[in-house]
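Step one of this worksheet: look at the structure below.
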Amino acid sequence: MASRVGNRWKFTIQNLEETIRSYNKFSAEGMDPIFGKKVFTQQINQPPFYFGKEKLAVHFCCGGIKLNKNAEVVKLDGSIIPGLYVCGEASGGPHGHDRLGGVALTSAFVFGRIAGRNAVTM
């Protein structure tokens, strides 16, 4: 697990490897004694692996520019603005008036990728 240095967490490759090993062990046993988690849908054992250090500022905005499944900006009349894409906190609509817990980054990654792919094919 990550270790504390003063009031900060120290992240190292060894800490990350240990965290993944522990998670996979708890998943196989069906119980995480640290967090009390009992439901596991997968193990983390299929590369490639991605790691990022997150810093929370605004948790999530429920609203923004309306988008469609292609991350295109949708005008009030329902038409799209050709060549204009939106994703992440600027977008609104994938979750309606609320959101599912834990999907803020997933939504940003998914629609960011969709927007990027569509923008480069113009």
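In what follows, every heavy atom counts, from backbone to side chain, and hydrogens, waters and symmetry copies are set aside. All of these numbers come straight from a predicted model, not from anything done at the bench.
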Any chance you could measure [X], atom [atom1], to [Y], atom [atom2], to the nearest 0.5 Å?
X	Y	atom1	atom2	answer
K25	E18	NZ	CD	9.5 Å
R113	C87	CZ	SG	13.0 Å
K75	L84	NZ	CG	11.0 Å
I34	Y23	CD1	OH	12.5 Å

Closest non-hydrogen atom pair, P82 against I80: CD-O, 3.3 Å

Can you name the closest pair of heavy atoms from Y85 and A115 and give their distance? CB-CB, 3.7 Å

Shared hydrophobic cluster, L67 / I114 (ILVMFWY, side-chain heavy atoms < 4.5 Å): yes

Should we count CZ of R21 as having more than 12 external heavy atoms under 6.0 Å? yes

Would you say the rings of F26 and F35 are close, in the sense that their centroids are separated by under 6.0 Å? no

Under 3.5 Å: donor-acceptor pair, side chain of [X], backbone of [Y]:
X	Y	value
N118	N70	yes
Q43	N24	yes
N68	E72	yes

Within the structure provided, determine whether S91 and I65 are in side-chain contact (heavy-atom separation under 4.5 Å). no

Considering only heavy atoms from C-beta outward, does the side chain of F40 approach that of M31 to under 4.5 Å? no

I'd like to check the side-chain contact (heavy atoms from CB on, under 4.5 Å) partners of T12; sequence neighbours left out, ordered by chain and number. K10, Q14, N15

